[in-house]
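Quick notes on the structure that follows.
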Amino acid sequence: MAVYDYEQFKKAVYDLTHIDLNCYKEKQMKRRIDTLIAKNSVDGYAKYVELLKTNHEKFDEFVNYLTINVSEFYRNPDQWEYMDKTIIPQLIRDFGPNLKIWSAACSTGDEPYSLVMALSRHLPLSQITIFATDIDNQVLEKAQAGLYNEKSIAAVPEDFKKKYFTKVGPSYRISDEIKARVKFSKHNLLLDPYPTDYHYIICRNVLIYFTEEAKDEIFQRFYNSLVQKGILFIGSTEQIISYKQMGFTRKDSFYYEKL
């Protein structure tokens with residue numbers, strides 16, 4: 001069997017998963033992968049690739065580990081309050097009640113489900129549809145299952161907790177009426193075509209792991225996916241340095257509007 005260096009490993013992973021490791025910060029990602037390989041008691045990159053090819057569970061574990069899923073409902077509540085008071089009313093004023101909304105890199109579903117609840121203060125549930133995507137099949141399965149621990153839902157407003165969550169053992173299950181408003185799909189931000197004509201896109205706390213070049217490309221593609229006056233909501237650890245050159249104006253620290 002051939003011996004891979006990390007460059008060859010990245011190519012093998014791309015062939016296998018279409019995940020481009022060149023777009024991630026190398027030192028950080030290589031350390032994570034080396035830790036996972038050691039955990040599986042595998043000797044080297046080449047043997048680990050063979051394991052990924054032959055063991056479905058290990059393949060899913062790798063993708064899950066690679067995509068760094070850290071999520072929670074209503075993360076940074078003050079930003080969701082701004083959304084409730086300012087962003088959602090503006091979107092409804094500008095575009096009417098049938099909003100096209102994309103939750104990109106949605107992880108385990110916490111953010112798209114939070115969006116449904118936030119919108120439900122302004123619109124009937126029957127008028128709400130969220131398109132939610134992630135690269136990781138495992139987290140999409142978790143999202144569609146809709147089962148969360150207590151920490152994940154800690155910031156959910158109390159009225160929504162009572163209305164839309166049911167305690168099941170130590171966990172909480174989100175109601176089917178909320179789940180029905182979200183359509184999940186697999187999507188690779190670095191590789192796949194982007195949907196178009198969206199009024200609102202939310203993509204938070206994932207691009208911090210990407211290179212500056214990859215970030216700029218993704219932000220530009222989000223810009224292209226929005227209609228004029230559409231809004232992009234990003235994470236509290238992120239910023240769009242060249243937003244003016246892209247054609248955005250900044251509404252608030254983490255909200256950008258397409259001019």
Side-chain angles (χ1 to χ4, degrees), residues 71-134 143-144 146 148 152-166 172-185 187 194-206 222-223 225-236 238 240 243 248-259:
S71 192
E72 60 194 51
F73 285 78
Y74 278 80
R75 190 172 184 175
N76 311 115
D78 55 325
Q79 294 167 27
W80 288 83
E81 185 176 354
Y82 181 80
M83 182 196 299
D84 179 56
K85 298 287 193 295
T86 304
I87 299 299
I88 294 173
Q90 177 183 323
L91 290 169
I92 293 170
R93 271 196 316 272
D94 287 345
F95 304 115
N98 297 312
L99 296 171
K100 281 188 71 176
I101 301 173
W102 177 18
S103 174
C106 69
S107 189
T108 51
D110 312 47
E111 284 187 339
Y113 290 143
S114 294
L115 270 172
V116 174
M117 289 186 285
L119 286 158
S120 76
R121 294 209 190 279
H122 304 264
L123 297 167
L125 279 177
S126 60
Q127 286 189 282
I128 300 168
T129 302
I130 310 293
F131 178 53
T133 62
D134 200 275
Q144 290 170 93
Y148 300 93
S152 288
I153 70 163
V156 173
E158 285 302 318
D159 59 328
F160 287 155
K161 277 187 194 174
K162 290 176 183 174
K163 190 173 183 179
Y164 295 127
F165 290 88
T166 304
Y172 293 82
R173 187 180 68 237
I174 197 162
S175 73
D176 287 344
E177 58 185 324
I178 297 295
K179 286 168 63 176
R181 309 323 307 167
V182 182
K183 309 302 179 191
F184 290 100
S185 183
H187 183 269
Y194 280 33
T196 56
D197 300 322
Y198 273 76
H199 304 122
Y200 190 35
I201 297 173
I202 176 171
C203 183
R204 307 180 69 228
N205 307 304
V206 66
F222 281 146
Y223 175 89
S225 289
L226 288 165
V227 298
Q228 189 176 14
K229 297 184 76 175
I231 293 173
L232 172 65
F233 178 27
I234 65 173
S236 58
E238 298 162 336
I240 308 177
Y243 70 91
F248 283 114
T249 182
R250 195 157 79 170
K251 288 192 62 65
D252 189 69
S253 298
F254 311 105
Y255 289 93
Y256 295 81
E257 182 178 350
K258 179 174 179 173
L259 293 171

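Under the side chain to side chain donor-acceptor pair (under 3.5 Å) criterion, S152 pairs with N149, sequence neighbours left out. Residues meeting the side chain to side chain contact (heavy atoms under 4.5 Å, CB included) test with A154, sequence neighbours left out: none. Here S253 pairs with nothing under the side chain to side chain contact (heavy atoms under 4.5 Å, CB included) rule; sequence neighbours left out. Applying the ring pair (Phe, Tyr, Trp, His ring centres under 6.0 Å) test to F73 and every residue at least two apart in sequence or in another chain returns Y148, F165. The side chain to side chain donor-acceptor pair (under 3.5 Å) test applied to D159 returns R121, not counting sequence neighbours. Partners of N98 according to the side chain to side chain donor-acceptor pair (under 3.5 Å) rule, which considers only residues two or more places apart in sequence or in another chain, do not exist here. Partners of Y223 according to the side chain to side chain contact (heavy atoms under 4.5 Å, CB included) rule, which considers only residues two or more places apart in sequence or in another chain, are Q220, F248, K258. For D252, the salt bridge (charged side-chain N to carboxylate O under 4.0 Å, His left out) test picks out no residue, with sequence neighbours left out. H187 is linked by a ring pair (Phe, Tyr, Trp, His ring centres under 6.0 Å) to W102, Y194, counting only residues two or more places apart in sequence or in another chain. When the salt bridge (charged side-chain N to carboxylate O under 4.0 Å, His left out) test is applied to K183, no partner is found at least two apart in sequence or on another chain. The side chain to side chain donor-acceptor pair (under 3.5 Å) search around K163 returns none, not counting sequence neighbours.
Under a 3.5 Å cut-off, the side chain of D134 and the backbone N or O of S107 do form a donor-acceptor pair. Of the possible polar contacts, one joining the E238 side chain to the V206 backbone as a donor-acceptor pair under 3.5 Å is found.
Contact of the F131 side chain with the S103 side chain is not registered, since no non-hydrogen atoms from C-beta on lie closer than 4.5 Å. When side chains are defined from C-beta on, S236 counts as touching N205, because their heavy atoms get closer than 4.5 Å. For the pair H199 and V227, the minimum side-chain heavy-atom distance is below 4.5 Å. The side-chain heavy atoms of T196 and Y198, taken from C-beta on, include no pair separated by under 4.5 Å. Counting only heavy atoms from C-beta outward, the side chains of L125 and R181 approach each other to under 4.5 Å. Under the 4.5 Å side-chain criterion, counting only non-hydrogen atoms from C-beta, V116 is in contact with V182.
Atoms CD1 and NZ, from I174 and K179 in turn, are 8.5 Å apart once rounded to the nearest 0.5 Å. Rounded to the nearest 0.5 angstrom, K100 NZ and I130 CD1 are separated by 12.5 Å. Between I202 atom CD1 and S114 atom OG the span is 8.0 Å, to the nearest 0.5 Å. The structure places OH of Y74 at 5.0 Å from CE of M117, a figure rounded to the nearest 0.5 Å.
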Side-chain donor/acceptor pairs under 3.5 Å, residues 81-91, sequence neighbours excluded:
{"from": "D84", "atom 1": "OD1", "to": "H122", "atom 2": "NE2", "distance (Å)": "2.7"}
{"from": "Q90", "atom 1": "OE1", "to": "K251", "atom 2": "NZ", "distance (Å)": "2.8"}

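Using the six-membered ring where Trp is involved, Y255 and F233 have ring planes that are parallel, under 30° apart on the 30 and 60° scheme.
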